[in-house]
Amino acid sequence: MGKEVVNKQVIFKDYIRDVPKESDMELKSSTLALEVKEGTEDVVVKNLYLSCDPYMRGRMGNYHKSYIPPFTPGSVLQGFAVAKVILSNHPNFKEGDLVSGMSGWEDYSIIPKGNNLTKISSIDLPLSYFVGILGMPELTAYAGFFEVCSPKKGEHVFVSAASGAVGQLVGQFAKLMDCYVVGCAGSNEKVDLLKNKLGFDDAFNYKEEHDMNATLKRYFPKGFDIYFDNVGGSMLDAVLRNMKVHGRIAVCGMISQKSFQNEGGIQYISLAIPKRIRLEGFLQSDYMHLYPQFLENVINYIKQGKITYIEDVAEGLENAPAAFVGLFHGKNLGKQVVHINDE
């Protein structure tokens, strides 16, 4: 029997229909024996940083036809994490290694067969970056912009939820392509961040705009070529009215959707025909083969000062539910992560 430790966990209580609330989760403690069974390739890790990501909301619904299965009520939440290997029977991981991958929202996790763990070899950057700008979720920005949007130098780009984890990178990738970039966000503080720290050409607070069609015409009098969609809904409808011919839309997220039962309709989808608009949904998991290239390029951009990264760090596992729920109310400033343990 291995050493027993107290293991704090965030438990998912039951399926939800609307926007998640803190009461949909609860903090519990149990004891865990730190051991790996003989004959397995299991890995025991101590979790250090957790990633709060909007896709997790989809796993909270009783919907089994998505690309990833729902959480199990009564079980620990799961998400991307940075962790330290405590024990290992896996040939690729040894005690003391730092890793990133899917783990539990808890102090310690047993990862069967070391599934989906990646060893962190470059540690001259903050560890939190490996669930943020250097993590699998942020591969979404890289693949979505460069592969799905197929950008060309000098094109006009619009990014929604632009100050969030994905949006802030998309805008900066676009600037590296000498594109003209406008982003929208939900507060004046975030707008200021986009324009004065992240290098967007312009930005606006969508909560202060009452006619999104007119707003987009103001910022893009001749229309725009690329829309990176993180919100869906009425924003997407206004975008369809303002895109140029042969425009491209990367559908990354639909965070404006309030309910799983009523997604609403898109009134102007017919405009995709005369404008020959390409609208494509995608998953970062489709582009895992790009991760080494993504990692090398983005690390270089960071070290050369070509990319700025904003993260919002919550402290303590007990504050993880509030940090996650805050995503859906625009409370985070940049990428939301939770620091739960030191090495």
Side-chain angles (χ1 to χ4, degrees), residues 2-34 43-61 70-87 98-111 117 120 126-133 135-138 163-165 186-187 189 255 309-343:
K3 174 188 174 184
E4 285 199 343
V5 294
V6 175
N7 193 30
K8 297 194 301 292
Q9 301 176 304
V10 175
I11 303 297
F12 172 55
K13 291 167 70 173
D14 203 356
Y15 295 125
I16 67 172
R17 293 188 175 187
D18 302 306
V19 175
K21 306 180 296 295
E22 288 184 55
S23 57
D24 295 319
M25 298 159 273
E26 62 180 329
L27 191 71
K28 287 188 173 181
S29 292
S30 60
T31 57
L32 176 69
L34 298 181
V43 178
V44 179
V45 300
K46 179 182 181 182
N47 295 306
L48 309 178
Y49 288 93
L50 306 176
S51 176
C52 294
D53 296 299
Y55 84 88
M56 295 170 63
R57 177 195 175 196
R59 299 191 68 187
M60 290 180 157
F71 294 127
T72 302
S75 296
V76 65
L77 280 177
Q78 292 179 316
F80 290 103
V82 166
K84 184 175 183 177
V85 174
I86 303 298
L87 293 169
L98 294 168
V99 294
S100 63
M102 190 66 71
S103 191
W105 275 35
E106 55 190 348
D107 287 322
Y108 297 90
S109 295
I110 300 173
I111 313 295
L117 291 182
I120 296 173
L127 280 177
S128 59
Y129 281 25
F130 289 87
V131 286
I133 192 170
M136 298 300 180
E138 274 55 45
S163 68
S187 73
E189 181 185 13
I255 203 167
Y309 176 55
I310 309 295
E311 62 180 356
D312 194 329
V313 183
E315 289 290 340
L317 187 63
E318 66 278 7
N319 291 314
F324 172 64
V325 169
L327 292 178
F328 303 92
H329 302 281
K331 292 185 177 180
N332 58 302
L333 193 63
K335 168 67 182 180
Q336 183 68 66
V337 302
V338 184
H339 172 232
I340 65 169
N341 286 302
D342 294 321
E343 288 183 57

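Everything quoted here is computed from the prediction, not taken from an experiment. When a residue number appears, it is its place in the shown sequence, counting from 1.
- Expressed to the nearest 0.5 Å, how far CG of Leu48 lies from CZ of Phe130 amounts to 12.5 Å.
- Going from atom OG of Ser100 over to atom CG of Leu127 covers 10.0 Å, rounded to the nearest 0.5 Å.
- Looking only at side-chain heavy atoms (C-beta outward), Met56 and Trp105 come within less than 4.5 Å of each other.
- Heavy-atom minimum distance, Tyr15 versus Pro70: CE2-CB, 4.1 Å.
- Inter-residue side-chain proximity for Arg59 and Leu77 is flagged as unmet; no heavy-atom pair is nearer than 4.5 Å.
- Only one option out of Val99, Ile86, Ile110, Leu98 pairs with Val45 in a side chain to side chain contact (heavy atoms under 4.5 Å, CB included); it is Val99.
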Return a table of donor-acceptor pairs under 3.5 angstrom between the side chains of residues 23-31 and protein atoms on other chains or two or more places apart.
residue	atom	partner	partner atom	Å
Asp24	OD2	Lys21	N	2.7

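- Between Phe80 and Met102 there is a side-chain heavy-atom pair separated by less than 4.5 Å.
- When side chains are defined from C-beta on, Ser128 does not count as touching Val82, because their heavy atoms never get closer than 4.5 Å.
- Contact between Met60 and Pro20 at its shortest, heavy atoms only, is SD-CB, 3.8 Å.
- Across every non-hydrogen atom of Glu138 and Ala165, the tightest pair is OE2-CB, 2.9 Å.
- Between Lys84 atom NZ and Tyr108 atom OH the span is 10.5 Å, to the nearest 0.5 Å.
- Rounded to the nearest 0.5 angstrom, Gln9 CD and Asn47 CG are separated by 10.5 Å.
- Partners of Ser75 under the side-chain contact (heavy atoms from CB on, under 4.5 Å) rule, at least two apart in sequence or in another chain, are Thr72.
- Using a cutoff of 4.0 Å between basic side-chain nitrogens and carboxylate oxygens, Asp53 and Lys335 are scored as salt-bridged.
- Heavy-atom minimum distance, Ser103 versus Ala81: CB-CB, 3.8 Å.
- With rounding to the nearest 0.5 Å, the separation of CG in Asn341 from CG in Asp107 is 4.5 Å.
- Considering CD of Glu106 and CD1 of Ile340, their distance stands at 8.5 Å, rounded to 0.5 Å.
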Show me the side-chain donor-acceptor pairs of residues 312-334 shorter than 3.5 Å, one per line, residues at least two apart or across chains.
residue	atom	partner	partner atom	Å
Asp312	OD2	Leu333	N	2.9
Glu315	OE1	His339	ND1	2.8
Glu315	OE2	His339	ND1	3.4
Asn319	ND2	Glu315	O	2.7
Asn332	ND2	Gly334	O	2.8

Start with the C-alpha distance between Gln78 and Phe12, add both sets of side-chain angles, then the distance that settles side chain to side chain contact (heavy atoms under 4.5 Å, CB included), and finish with yes or no. CA-CA 9 Å; Gln78 292 179 316; Phe12 172 55; over 6 Å; no
